[in-house]
Visitor: 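Quick one: this structure, given as structure tokens, is what I'll be asking you about.
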Protein chains: 2
Amino acid sequence: MRPLFHPAIEDIQPQAILHALSDPRRAVIFARIRSAGCVEACSALSAMGDQIIPKSSLSSHFKVLREAGLIHCERHGVEMRNRSRCAEVESRFPGLLAAIMSAYASSIDASACGTGE
Amino acid sequence: MRPLFHPAIEDIQPQAILHALSDPRRAVIFARIRSAGCVEACSALSAMGDQIIPKSSLSSHFKVLREAGLIHCERHGVEMRNRSRCAEVESRFPGLLAAIMSAYASSIDASACGTGE
DNA sequence: TTGTTTAGTTCCGAAGTTCAGAACTATGGA
DNA sequence: TCCATAGTTCTGAACTTCGGAACTAAACAA
């Protein structure tokens, strides 16, 4: 297994962040890591509502988030320790993550009102 | 030619906005429409730095921006009148567009310093 | 009216991306 | 050493994007 690549803060591109978070499942994964501060394992995030994300898909979602500079991943024995890089991203692109995550939160609220989900 | 589809403001999804703006060329197109208030023709935006975007690609970029709810397009004779829907999007997702566009602006500044573009 | 020009859309094949199952790697514990 | 657990990589199928060619629609001149 090749070592995990994490971009330097100055190499983080807005398009990579937007692309990473334009997938609602990745946005949910990131929101959980962000709010938890530190989420122990990737597999802890495989349950997405009533469906399960396959391991291989989950792994590639984490790779996209990692290479976009949104999360930092570190091996701890057999499992992965994931933490968000919010503070770094915030210092480089002020307000970006907060605006994106609150947009998602408000659209979930709106759809919950309408459809009863 | 089928009539142009524009989503209602309450049907605009954050993932569609992020996807639309995760392409730097679309982000540039949108930035120009946004700052101009109203850009007369699609073809006015085909020059992207030193390269020209083909008509068919340009047309599909406009379609993505339109269907994401970011712009409003209207036929005026032979050409298209495009205007941004910033105010509507701002009222639904406060701060989102400003944060995204300023992230792009700051990353262009940063790369201009490094590479001399 | 008819032909020409201009502006944009649609079609379609090639190239690239994403998804998820199967096989694999790496670590920890019995 | 063997097994279980947690993730990664490989692979092919499904989907998306790109751009050239052909098309549509409006404006205008003859």
Side-chain angles (χ1 to χ4, degrees), chain A residues 1-6 13 15-30 32-33 36 38-68 70-83, chain B residues 1-6 13 15-30 32-33 38-68 71-83:
Chain A
M1 284 181 197
R2 60 192 70 152
L4 301 172
F5 170 73
H6 293 92
Q13 298 291 312
Q15 60 262 44
I17 293 177
L18 299 185
H19 172 248
L21 296 178
S22 70
D23 182 313
R25 293 187 294 180
R26 279 197 292 264
V28 168
I29 291 171
F30 179 67
R32 291 200 204 158
I33 293 175
C38 180
V39 167
E40 55 280 23
C42 296
S43 55
L45 293 157
S46 68
M48 192 63 48
D50 45 1
Q51 68 179 334
I52 299 288
I53 304 181
K55 276 190 345 168
S56 60
S57 306
L58 204 59
S59 178
S60 66
H61 287 321
F62 273 90
K63 188 182 180 199
V64 171
L65 290 169
R66 186 161 28 83
E67 296 189 347
L70 289 167
I71 60 174
H72 184 96
C73 314
E74 212 170 317
R75 279 198 168 284
H76 265 247
V78 74
E79 69 185 23
M80 213 67 144
R81 214 51 69 85
N82 301 289
R83 62 176 173 76
Chain B
M1 284 182 197
R2 61 193 67 152
L4 302 173
F5 169 74
H6 293 92
Q13 299 291 311
Q15 60 261 44
I17 293 178
L18 299 186
H19 171 247
L21 295 178
S22 70
D23 182 313
R25 293 189 295 180
R26 281 197 292 265
V28 168
I29 292 171
F30 178 67
R32 291 201 203 158
I33 293 174
C38 180
V39 167
E40 56 280 21
C42 295
S43 56
L45 294 157
S46 67
M48 192 63 50
D50 45 1
Q51 68 180 332
I52 299 288
I53 303 181
K55 277 186 352 163
S56 61
S57 304
L58 203 59
S59 179
S60 66
H61 286 322
F62 273 89
K63 188 181 179 200
V64 171
L65 290 169
R66 184 160 32 80
E67 297 189 347
I71 61 173
H72 185 97
C73 313
E74 212 169 318
R75 280 200 167 283
H76 265 248
V78 75
E79 68 184 25
M80 214 67 146
R81 215 49 71 83
N82 301 289
R83 62 176 173 75

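Letters A, B, ... mirror the listed sequences (proteins, then strands); counts begin at 1. The model shown is predicted, which means the values in this text are computed figures rather than measured ones.
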Visitor: May I have the distance from A:E74 (atom CD) to D:dG7 (atom P), rounded to whole angstrom?
Guide: 14 Å

Visitor: OP1, OP2 of D:dG7 versus side-chain N and O of A:S59: anything below 4.0 Å?
Guide: no

Visitor: Would you mind reading off the distance between A:I52 atom CD1 and C:dC19 atom C1', rounded to a whole angstrom?
Guide: 16 Å

Visitor: Select from A:V78 and A:L58 the residue whose nearest nucleotide in DNA chain D is closer to the 5' end of that strand.
Guide: A:V78

Visitor: I need the CD-C1' distance between A:E67 and D:dT9, as an integer number of Å.
Guide: 13 Å

Visitor: Of the candidate nucleotides D:dA25, D:dG7, C:dG8, which contains the atom at the shortest distance from the side chain of B:S43?
Guide: C:dG8

Visitor: Shorter than 3.5 Å, N or O on both sides, protein versus nucleotides 13-19 of chain D: list them out with atom names.
Guide:
unit_1	atom_1	unit_2	atom_2	d
D:dT17	OP1	B:H19	NE2	2.9
D:dG19	OP2	B:S57	OG	2.9
D:dG19	N7	B:S56	OG	3.1

Visitor: Taking distance alone, no hydrogens or angles, what donor-acceptor pairs closer than 3.5 Å link side-chain atoms of residues 17-24 of chain A to residues at least two apart or in another chain?
Guide:
unit_1	atom_1	unit_2	atom_2	d
A:S22	OG	A:H19	O	2.8
A:D23	OD1	A:R25	N	2.8
A:D23	OD1	A:R26	N	3.4

Visitor: Answer whether the closest heavy-atom distance between the side chains of B:L4 and B:F62 falls below 4.5 Å.
Guide: no

Visitor: What is the separation between atom CZ on A:F5 and atom C1' on D:dG7, rounded to the nearest whole Å?
Guide: 19 Å

Visitor: Taking NZ from A:K55 and P from C:dT25, how many angstroms apart are they, rounded to a whole number?
Guide: 14 Å

Visitor: Looking only at heavy atoms, which two atoms of A:L70 and A:F30 are closest? And how far apart?
Guide: O-CE1, 3.4 Å

Visitor: Just the rounded figure in Å: distance from P of C:dA7 to CG of B:L4.
Guide: 17 Å

Visitor: Between B:H6 and B:C73 (side chain of the first, backbone of the second, donor and acceptor by atom type, cut-off under 3.5 Å), is there such a pair?
Guide: yes

Visitor: Round to a whole Å and report the spacing from CD of B:E79 to P of C:dG8.
Guide: 6 Å

Visitor: Please tabulate, one pair per line, all N/O donor-acceptor pairs under 3.5 Å involving side-chain atoms of residues 44-60 of chain A, not counting sequence neighbours.
Guide:
unit_1	atom_1	unit_2	atom_2	d
A:S46	OG	A:S43	O	3.1
A:S60	OG	A:S57	O	3.0

Visitor: Find the distance between CZ (A:R66) and CZ (A:F5) and round it off to the nearest 0.5 Å.
Guide: 9.5 Å

Visitor: How many Å lie between CD on B:Q15 and C1' on C:dT18, as a whole number?
Guide: 17 Å

